[in-house]
Amino acid sequence: MSADVRQVADGTYLVHGGHTNWVILTDGDAATLVDTGYPGDRRALLDSLAAVGSSPEAVAAVLITHAHNDHLGSAEYLRATHGTPVLLHESEVPHARRDVLQQVSVGTVLRNAWRPGVLPWMVHVLRTGGTEQHPVTAPAPFPADGALDLPGRPVPVHTPGHTDGHCVYHLPDAGVVISGDALVSGHALARTEGPQLLPDLFHHDRAGAVASLDVIAGLEGDLLLPGHGPVHRGPVKDAAQRARERAF
């Protein structure tokens with residue numbers, strides 16, 4: 001699979017991988033990588049860095065929204081091969097190490113196999129290594145509160161629910177919210193397009209995921225870069241409110 005790289009703002013790129021997105025923030029050839037797709041997306045991930053004029057060696061850090069297999073896929077590879085720090089919320093550190101696992105089980109997916117789209121999605125997950133475990137040996141919590149000293153100056157914002165340590169990343173000056181799986185604009189199993197929560201089976205704590213939409217609504221911005229689905233343009237507050245209405 002080739003990388004589908006879309007520049008959405010200055011130094012900001014949304015990359016569509018195998019059903020999952022990641023984001024690249026650049027400053028010259030230096031980059032911040034937010035999420036890494038499935039394990040099977042590695043070639044596309046490396047190609048996407050080249051496409052924006054960067055390289056694995058120039059990635060200052062990998063930021064993880066949450067440690068599900070489709071977002072954590074190549075984080076340990078980059079850490080072990082290039083010494084890239086892997087940073088995430090302190091509550092998500094044990095998840096990235098696989099001390100715990102807050103991910104939909106194979107049994108739950110099989111019980112939902114009758115639903116439209118589930119079987120093709122399952123095939124894709126298997127082909128891209130979605131059932132493999134690639135724990136990060138030495139994940140680290142964010143070093144400080146507020147903006148990180150990285151390309152893009154992202155600000156982590158804790159949005160628990162999808163997992164305990166899920167974070168979105170806010171770029172206040174650019175009006176961008178990188179929302180991971182706390183707020184998406186589509187999914188292979190979704191019945192509709194536009195701002196929404198993922199289907200219920202994917203959330204560790206659905207009530208928490210709904211509550212975190214209020215946190216996202218409080219972030220200033222008009223460009224939403226989700227973990228699944230296309231870029232969404234328009235007030236982030238409105239997108240979060242629409243997702244909340246759809247959740248009930």
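As a basis for the values below, the full set of heavy atoms in this structure was taken, side chains included, without hydrogen atoms, waters or symmetry mates.
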Participant: If you round to the nearest 0.5 Å, how far is CD of E132 from CG of L126?
Facilitator: 10.0 Å
Participant: Looking at R127, I want to see if its CZ is surrounded by more than 12 non-hydrogen atoms of other residues, nucleotides or ligands under 6.0 Å.
Facilitator: no
Participant: So how far is it from R206 CZ to L201 CG, rounded to the nearest 0.5 Å?
Facilitator: 12.0 Å
Participant: Checking S185 against Q196: is there a side-chain donor and acceptor pair closer than 3.5 Å?
Facilitator: no
Participant: So does E245 pair up with R242, basic N to acidic O under 4.0 Å?
Facilitator: no
Participant: Could you give the distance from CZ (F142) to CD (E90), rounded to the nearest 0.5 Å?
Facilitator: 10.0 Å
Participant: Distance check, rounded to the nearest 0.5 Å: H66 atom NE2 versus D35 atom CG?
Facilitator: 7.0 Å
Participant: Indicate whether the side chain of N69 and that of H134 have a donor and an acceptor atom separated by less than 3.5 Å.
Facilitator: no
Participant: Is it true that, when you exclude E193 itself, more than 12 heavy atoms of the residues, nucleotides or ligands shown sit nearer than 6.0 Å to its CD?
Facilitator: no
Participant: Taking the six-membered ring for Trp, is the centroid-to-centroid distance between H95 and H68 below 6.0 Å?
Facilitator: yes
Participant: So, taking the atom named CG in L25 and the one named OG1 in T32, what distance separates them when rounded to the nearest 0.5 Å?
Facilitator: 5.5 Å
Participant: Is a side-chain donor-acceptor pair under 3.5 Å present for H166 with T159?
Facilitator: yes
Participant: For residues T163 and E92, is any side-chain donor paired with an opposing acceptor at under 3.5 Å?
Facilitator: yes
Participant: Kindly work out whether a path of hydrophobic side-chain contacts (I/L/V/M/F/W/Y, heavy atoms less than 4.5 Å apart) joins L45 to V34.
Facilitator: no
Participant: Give a yes or no on whether D99 atom CG has more than 12 heavy-atom contacts from other residues, nucleotides or ligands under 6.0 Å away.
Facilitator: yes
Participant: Are the aromatic rings of H71 and H228 close, with centres under 6.0 Å apart?
Facilitator: yes
Participant: My understanding is that only one of D205, T65, D181 makes a side-chain hydrogen bond (donor to acceptor under 3.5 Å, both in side chains) with H162; could you say which?
Facilitator: D181
Participant: Report yes or no: is the cationic atom of R6 (NZ for Lys, CZ for Arg) under 6.0 Å from the centre of the six-membered ring of Y13, at an angle within 45° of the ring normal?
Facilitator: no
Participant: For the residue pair S74 / R42, report whether a side-chain donor-acceptor contact shorter than 3.5 Å exists.
Facilitator: yes
Participant: Please test V176 against H170 for side-chain contact (heavy atoms from CB on, under 4.5 Å), starting from the C-alpha separation and ending with a verdict.
Facilitator: CA-CA 6 Å; V176 172; H170 187 206; over 6 Å; no
Participant: Let me confirm one number: the OG-CG distance from S179 to L213, rounded to the nearest 0.5 Å.
Facilitator: 10.0 Å
